[in-house]
Structures are given as C-alpha cells and as structure tokens.
Amino acid sequence: MHELSIALSLVEIVEEAARRAGAERVVAVHLRLGAMSGVVREALEFCFPLAAQHTLVEGARLEIETVPLVLACDPCGRDVQPEEGSFRCPFCGAPSMHIRQGRELEVTGIEVPDPEPAMEER
C-alpha cells in the first residue's frame, strides 16, 4: 500500500503551503487524481487522516476530483475517452498509447480558516 507514503507526502506539501500562507490549520485539501495515476482512491482516503495526525492538516477534508483517461487517437485526430480498461478509440477502434490526461496527482488548492478580524482600538 504505497498510498500511505503518498498521503504523507501530500500532507507535507500542504502543510508547507499553509505555513507559507501564515495559516495555523487547514480545513480542506483539493486534489486531482487521474484514472491512470496508479493510486487507489479509497486507500488514499483511508491513509490521509492517519498521515495528517498531529499536523496543521489534521481534521481537514480531502476533496478528490477524479480525472478520466483521455487518449489522442491518431486516425481520428481527436481526443477520446475509451471504455474502462481499454486503450482503443471508441469511434474507430484504433489502439492508442498517447495519454492526454489521466495521470494526474496534484494538489489544486487548500482551504484555511479566515483570519480573525483585528480588534479595533477605541
């Protein structure tokens, strides 16, 4: 289960970004996960809270956007979304290994609490 090491790296990246932003905690992490990333979503979701323990990310939601596989079909000249488990164009049946999208594993955003408003002097 390499998802634990991925979750640990994810938490480290997010924590560093939060610290640079001056945040004291993170409430949500947004992630794009490609269908061909080699990461099992459910395993990552299981490991994320464990990896986040005792960090600024502890208790944060993990929002995952699944990115489907898209191939470039040379005979058709267009980008196509094949059936699951297939690398063939659904229009002409030609095989393709030209992956346009689906390998993503990227943090697209983090949410931190709004800062407390400063007390006005009277």
Walk me through it: do Ile6 and Leu105 pass the test side-chain contact (heavy atoms from CB on, under 4.5 Å)?
CA-CA 10 Å; Ile6 293 170; Leu105 176 58; 3.9 Å; yes

Let me see the working for Arg61 and Glu111 under salt bridge (charged side-chain N to carboxylate O under 4.0 Å, His left out), right down to the final yes or no.
CA-CA 9 Å; Arg61 297 184 325 273; Glu111 293 178 34; 3.6 Å; yes

Under the side-chain contact (heavy atoms from CB on, under 4.5 Å) criterion, do Ser96 and Cys89 qualify, and how do the steps go?
CA-CA 7 Å; Ser96 177; Cys89 174; over 6 Å; no

Pair Val67-Leu33, side-chain contact (heavy atoms from CB on, under 4.5 Å): steps then yes or no:
CA-CA 6 Å; Val67 180; Leu33 184 62; over 6 Å; no

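Here the straight-line distance linking atom OG of Ser9 with atom CD of Glu3 works out to 12.0 Å at 0.5 Å rounding. Note that CG of Leu56 and CD of Glu16 are 11.5 Å apart. Values are rounded to the nearest 0.5 Å.
Residue His54 comes nearest to Glu58 through the heavy atom pair N-OE1, 2.9 Å, listed as atom of the first residue, atom of the second, then distance. Taking all atoms of both residues into account, the shortest heavy-atom contact from Pro113 to Arg25 is CD-O, 3.2 Å.
Evaluation of the side chain to side chain contact (heavy atoms under 4.5 Å, CB included) rule for Ile99 yields Leu69, Leu71, Phe87, Arg103 as partners, not counting sequence neighbours. Residues that satisfy the side chain to side chain contact (heavy atoms under 4.5 Å, CB included) test with Asp79, not counting sequence neighbours, are Val70, Ala72, Arg100.
Side-chain atoms of Thr55 and Val26, non-hydrogen and from C-beta on, never get closer than 4.5 Å to each other. Residues Val107 and His30 form no side-chain contact, since every pair of their non-hydrogen atoms from C-beta on lies 4.5 Å or further apart. Using a 4.5 Å cut-off on side-chain heavy atoms (C-beta onward), Pro90 and Glu83 make no contact.
With Glu106 contributing its side chain and Leu31 its backbone, the two residues share no donor-acceptor pair below 3.5 Å. Using modelled atom types, no side-chain atom of Ser86 and backbone atom of Pro82 make a donor-acceptor pair closer than 3.5 Å. No donor-acceptor distance shorter than 3.5 angstrom exists from the side chain of Glu12 to the backbone of Leu8, with no hydrogens or angles considered.
More than 12 non-hydrogen atoms from other residues, nucleotides or ligands lie less than 6.0 angstrom from CD of Gln53.
Linking ILVMFWY residues whenever their side-chain heavy atoms come closer than 4.5 Å, directly or via other members, leaves Leu4 and Val14 in distinct clusters.
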Just list the side-chain donor-acceptor pairs under 3.5 Å for residues 35-50, sequence neighbours left out, or say none.
{"residue": "Ser37", "atom": "OG", "partner": "Gly34", "partner atom": "O", "Å": "2.9"}
{"residue": "Ser37", "atom": "OG", "partner": "Val39", "partner atom": "N", "Å": "3.3"}
{"residue": "Arg41", "atom": "NE", "partner": "Glu45", "partner atom": "OE2", "Å": "3.1"}
{"residue": "Arg41", "atom": "NH1", "partner": "Thr66", "partner atom": "OG1", "Å": "2.8"}
{"residue": "Arg41", "atom": "NH2", "partner": "Ile64", "partner atom": "O", "Å": "3.4"}

